[in-house]
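First up is the structure itself, then whatever we jot down about it.
The chains referred to below are lettered A, B, ... by the order of the sequence lines, with proteins before strands, and numbering in each begins at 1. These numbers come from a predicted model, not from an experiment. Computed over heavy atoms, backbone and side chain alike; hydrogens, waters and symmetry mates excluded.
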Amino acid sequence: MAPASQPERAVAAPKSNTDVVLLDLVEFVAEQDKPSAREGLVEIVRQVRESGTDVFALVDSELLYADLHACICPELTGVVVSHLESVAQVEEADSLISKLEDERGIPPGTLEMVLSLDTAQAAQDAFEIASASRRITGLTLGRAELVMDLRPEPSGEIHLMQYLMQKLITVAGAIGVPAYGAWWRTPDRGLLATPENTGEAALRGRAIGFKGSFCVLENQVAPMNQGFTPGAQEATEAGKSLESYRAAVSEGTASIRQGDRIIDSGTALQARLLIDRAAACEAHDKAKVDALAGRPVPAP
Amino acid sequence: MADHIAVHRSGLTMPVVTPRFIDNAWRRGCDFINMDLEDSVPEHMKGYARTLIKDAITNVTKGGAEAFTRINHDLVLADLEGIIWPGLTKVNYPKAEYGEEIQLLDRIISRLEQERGIRPGTVEIGADIETSVGVANAYDIAAASPRVREFGGASGYDMSRDLGVEMFVGFDQFVYGKGEVELAARALGLEPHTAPFTANTTGSVGDPDRAFREAEAARKCGFRVGGGLHPNVVEPQTRGFTPTQEEVDEAHQILEQYRQLEVSGETWAETDGNIIDRYEAARARKLLDWSELCAARDQEKAEAFARVEAAAA
């Protein structure tokens, strides 16, 4: 996540090895700087995209017209819409994006929309809001703990977040898109945390069902990537599980014991998905290296 | 959205049929007294209990506390007819399950307010969520009347019984229900009446240290509503829900740092390991507002208490 008001930082962001650069028009741009940040945004999008990194813009649902006009161009991957309150706002964003796609020579339906359900009303109506557009490719709680003023409990958990995270992940699963976020704990705050705590938040986040997370500081990118990438040991174990399951099937049984675990079709499928995920992460990491080195990157 | 923020840090629920509780209630220093017609009143005394409320309102409020009454889920009309009198500020409705129930209460209360010379909209409704059906309909219940200003529940004895789970365990068995209810309250701009989980495996209701710890933890999570069953918990709850002078000073400091930040054009800064930004500034303003409300409420109670003592002298 890089403030759109700081072009140098935004353009340099791909060097951090991030999968996505999120150009922020909402959280870390002062009100008085927003007009000038919008003016230069398309140029920043183009420069970031040259490095091969996907580029999203974080826009404010209350300032949709200005924010979307400022960022939409063929090089943009999509937008993250924050501070949502209603289905109508999503429909309005979808409609405006369609109009701008048409006006700016972008094939219809190209631009993705990730919804930040960071308000209480958005979290309350999560399923209806998340079902309001076919562009929606992901859900996140964004900075919900700050927008909703949720604070640490004595246990160190941030109040209400476990419930909100599970609700978001369940709704994302129901509409078939990934949920983005990490399981932050005190003293982490608003996507600002030490690299070590970021890694732990990412590991917990992956364990609960998130697929990746935004972060603010460059030194958080590596631990975030590591936390959300299946480890070599996990992939090896998954490979063994698959082999055991195949052996079981060839012997005419539906399950087999592996150590203390039972491997059946469900656990075999989970192992398959983990292996695929690990391979996808590896391929994506290689593509990022090639892109940064200026080598041609194969289409995904 | 509530018109004003009520100060309900501490309160005692007591059977209205027990004179020694009611007669001493004004001395307890509570922000409210909740006179019970429900679980603590035997079936054969329900009718009699209703007749006591009108006089008891005057009695329990003379030390500055507000007067609430908890009615019976299945005796709504008779109970409301018996209790809606000038001075009563809240009706607690147990085991709320449907928005229509709250709408019915609202209509009856509106009529009684009009008939009995009470300013329209004075009497608040406490819609207590204590069953699974109530959790499933939490948003509809909370949205059913503007008289619902504080909203919470989905834990406690009745919820435990409804779910068939133990009440006093070392983990939070009500995560889902409490989440649903709190989210509904927040989405509607109501005051959430809830608290972070703290393990209570003994079932103690009169431990002052525990009451303080719970109230303080709840306030630090942004909650402001208390209440209990034992006089020992009143003072610790009032104290635990009131910002300390140190916190007030810190809030002023945060606002000053934020003003400087705004001048600089930055959106956030780190000072002594703490982040300063618009979210922290908003929280600091909220804390200062709450602190002022608490001080005003304490002053009101002190003055009321002094009037009673002067009259008795």
Side-chain angles (χ1 to χ4, degrees), chain A residues 1 3-6 24-34 36-37 85-86 117-126 128-129 143-168 170 186-194 216-217, chain B residues 138-140 142-143 151 154 170-172 174-190 192 194-199 213-214 216-223 258 261-270 273-287:
Chain A
M1 209 169 154
S5 54
Q6 297 177 24
D24 167 34
L25 279 171
V26 181
E27 290 292 332
F28 297 100
V29 180
E31 282 304 316
Q32 67 269 24
D33 295 336
K34 285 187 179 178
S36 60
E85 296 269 358
S86 69
L117 307 182
D118 49 14
T119 68
Q121 191 65 58
Q124 173 70 32
D125 298 332
E128 291 77 12
I129 289 175
R143 304 181 94 200
E145 82 278 19
L146 298 178
V147 175
M148 293 171 65
D149 195 23
L150 306 171
R151 298 287 164 154
E153 296 195 353
S155 65
E157 297 292 347
I158 297 168
H159 179 74
L160 201 65
M161 283 304 287
Q162 282 173 277
Y163 162 80
L164 291 173
M165 289 189 294
Q166 292 206 351
K167 179 165 185 174
L168 184 92
T170 304
T186 188
D188 307 335
R189 179 197 178 281
L191 313 179
L192 300 166
T194 63
V216 172
L217 307 174
Chain B
Y139 188 87
D140 289 345
F151 188 61
F171 61 92
D172 192 353
F174 305 117
V175 170
Y176 172 74
K178 287 200 307 186
E180 288 283 290
V181 170
E182 183 180 336
L183 187 58
R186 287 175 176 274
L188 290 161
L190 309 179
T194 187
F197 172 73
T198 47
R213 284 197 307 275
E214 287 179 346
E216 187 184 42
R219 177 171 56 78
K220 288 186 173 177
C221 278
F223 306 118
Y258 183 65
L261 192 71
E262 282 186 306
V263 171
S264 76
E266 295 294 325
T267 56
W268 69 284
E270 193 171 348
N274 296 315
I275 304 290
I276 304 296
D277 62 7
R278 61 191 163 110
Y279 296 110
E280 290 305 320
R283 185 170 176 79
R285 280 187 213 104
K286 189 174 161 187
L287 183 138

Quiz item: Out of curiosity, B:Y176 OH to A:K167 NZ, how far, rounded to the nearest 0.5 Å?
Solution: 7.0 Å
Quiz item: Is it the backbone or the side chain of A:E157 that comes under 4.5 Å from a heavy atom of chain B, or both, or neither?
Solution: neither
Quiz item: So which of A:S155, A:P3, A:P187, A:A123 has the biggest tally of heavy-atom pairs under 4.5 Å with chain B?
Solution: A:A123
Quiz item: Is the number of heavy atoms from other residues, nucleotides or ligands within 6.0 Å of OH (A:Y163) greater than 12?
Solution: yes
Practice problem: Give the minimum heavy-atom separation between A:P154 and B:T198, together with the two atoms involved. | Solution: CG-CG2, 4.4 Å
Quiz item: Which region of A:V147, side chain (C-beta onward) or backbone (N, CA, C, O), has a non-hydrogen atom less than 4.5 Å from a non-hydrogen atom of chain B, or is it both or neither?
Solution: both
Practice problem: Please confirm whether the backbone N or O of A:E128 pairs with a side-chain atom of A:D125, one donor and one acceptor, at under 3.5 Å? | Solution: no
Quiz prompt | Toward chain B, the part of A:L164 with a non-hydrogen atom under 4.5 Å | solution = side chain
Exercise. Side chain from CB out, backbone as N, CA, C, O: work out which of these in A:P152 comes under 4.5 Å of a heavy atom of chain B, or both, or neither.
Key: backbone
Quiz item: Tell me, do A:R151 and A:H159 make a side-chain contact under 4.5 Å, heavy atoms counted?
Solution: no
Quiz item: Given that the side chain runs from C-beta out, which part of B:E270 has a heavy atom under 4.5 Å from chain A: side chain, backbone, both or neither?
Solution: neither
Quiz prompt | A:L146 portion near chain B, given a 4.5 angstrom heavy-atom threshold | solution = both
Exercise. Measure B:E180 against the heavy atoms of chain A and call it side chain, backbone, both or neither at under 4.5 Å.
Key: both
Quiz item: Which answer fits B:R213, side chain, backbone, both or neither, if we ask what part of it has an atom under 4.5 Å from a heavy atom of chain A?
Solution: neither
Quiz item: Between B:G265, B:A185, B:A217, B:G222, which has the largest tally of heavy atom pairs under 4.5 Å with chain A?
Solution: B:G265
Quiz item: Tell me, side chain or backbone of A:Q32 under 4.5 Å from chain B's heavy atoms, or both, or neither?
Solution: side chain
Exercise. Have a look at B:E266 and tell me which of B:I276, B:L261, B:D277 forms a side chain to side chain contact (heavy atoms under 4.5 Å, CB included) with it.
Key: B:L261
Quiz item: Is the closest side-chain heavy-atom distance between A:M148 and A:L160 below 4.5 Å?
Solution: yes
Quiz prompt | Between OG on residue A:S5 and NZ on residue A:K34, distance to nearest 0.5 Å | solution = 10.0 Å
